[in-house]
Amino acid sequence: MVELQNDRLLRALARQPVDRTPVWVMRQAGRYLPEYRATRARAGDFMTLCSTPELACEVTLQPLARFPLDAAILFSDILTIPDAMGLGLRFVEGEGPVFERPLTSRSEILKLAPPDPDIELRYVTDAVRLIRKELAGSVPLIGFAGSPWTLATYMVEGGSTREFAKIKALAYTDPGTLHALLDVLVKSVTRYLNAQVEAGAQALMIFDSWGGVLTPAGYKRWSLDPMREIVAGLKREHEGHRVPVILFTKGGGQWLEDIAATGADGVGIDWTTDLADARRRVGDRVALQGNLDPSVLYAEPDEIRTEVRKVLDSFGPGPGHVFNLGHGIHQHIDPDHVAVMVDAVHSHQSD
């Protein structure tokens, strides 16, 4: 086992002192990088890029070659699980993910079974093993999955949506069937994340992209409770170290106390929640991750530095902060502006 040279992320998630605030970026391996676009063109399509371990490893490492980040995150997609269930995932330019066979009936849902991570999703665990080898202990590797509610939304809607009409109609007209779908997804995500840990992931993150569209009662029932089940079933020790878990609900700022009570180690927050207020509300129960507005990176360097400082000052002194954007980086961001942001985080510690 190679000793980890930079453990800032893991220490911050354990709310232990660090010499400087760790920083990584959601979607840090992505379309804003010209080297990523070149690799994707070579792959031919997005799913080939995801499902070829050597290519997934290549793009995972690209941002680390550019920026002194404190973590790598597996290059994959949150929709690998429903794709492995046979729904036929493809990505349409300008439209996003589309399922050829979305779920339209109770009988289809009841036929679903959790995919075997060592068979249908072997390409993901193979990528994790390869990335860990190539990182050689430089920084920790984050594995991830989508939340059951978010996956269910895509599986029922058939792709991206602004109205959430089909999934919400299912929740209100046939809650038993939605429970059945979420139950199989809880099992699937738990097995998938544990397989990533076994393959070498040193931290985990659950992306709940659509929990914020629910009512407070709906959020707890359909999004938070399934995530709590997953957290309870995750392998939290591996290779002699704790494997921390971060939960991130976009638009979930009003439920921070409930998210902090799930047993997770860290809570990701978007830019619509004040970081100082979030810290007051959760105390020292969890670490906080976030929460620069991704659009700040369109600004001039001096403005980026100012906004970074505001985030860091908002959290204040003491352990338990992982600097990140409040959501994924936009595809048209200048990579040089990301470098300014990372440098601003680092230099803030030496003021």
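The model shown is predicted, which means the values in this text are computed figures rather than measured ones.
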Run the ring-centre check on His332 versus Tyr298 and record whether the distance is less than 6.0 Å. no
Among side-chain atoms of Thr150 and Thr153, is any donor-acceptor pair under 3.5 angstrom? no
State whether the side chain of Ser51 and the backbone N or O of Met47 hold a donor-acceptor pair below 3.5 Å, judged by distance alone. yes
Main-chain N/O of Leu89 paired with Asp83 side-chain donor or acceptor, under 3.5 Å: yes
When you measure from the side chain of Asp70 to the backbone of Leu9, do you find a donor-acceptor pair of N or O atoms at a distance under 3.5 Å? no
Ignoring hydrogens and angles, write down the donor-acceptor pairs under 3.5 Å from the side chains of residues 71-82, residues two or more places apart or on other chains.
from	atom 1	to	atom 2	distance (Å)
Asp77	OD2	Leu79	N	2.9
Thr80	OG1	Asp77	O	3.4
Thr80	OG1	Tyr192	OH	3.0

Residue pair Asp7 / His241, side-chain donor-acceptor N/O under 3.5 Å: no
Basic-acidic side-chain contact under 4.0 Å: Arg122, Asp126: yes
Hey, does the side chain of Arg132 reach the backbone of Gly200 with a donor-acceptor pair shorter than 3.5 angstrom? yes
Measure from NZ or CZ of Arg279 to the centre of the six-membered ring of Phe315 and say whether it is under 6.0 Å with the direction within 45° of the ring axis. yes
Determine the sole option in Glu35, Arg42, Glu134 for which the side chain to side chain contact (heavy atoms under 4.5 Å, CB included) test with Glu58 is passed. Arg42
Short question: side chain of Arg101, backbone of Gly86 - any donor-acceptor pair under 3.5 Å? yes
Would you confirm whether Glu198, through its side chain, and Asn194, through its main-chain N or O, come within 3.5 Å as a donor-acceptor pair? no
Please check if the distance between the ring centroids of Tyr154 and Phe99 is under 6.0 Å. no
Contacts of type ring pair (Phe, Tyr, Trp, His ring centres under 6.0 Å), residue Tyr32, not counting sequence neighbours: none
N/O donor-acceptor pair under 3.5 Å between Trp210 side chain and Trp149 backbone: no
Verify, without hydrogens or angle tests, whether Thr52 (side chain) and Leu49 (backbone) share a donor-acceptor contact under 3.5 angstrom. no
Would you find a donor on one side and an acceptor on the other, under 3.5 Å apart, between the side chain of Asp270 and the backbone of Gly251? yes
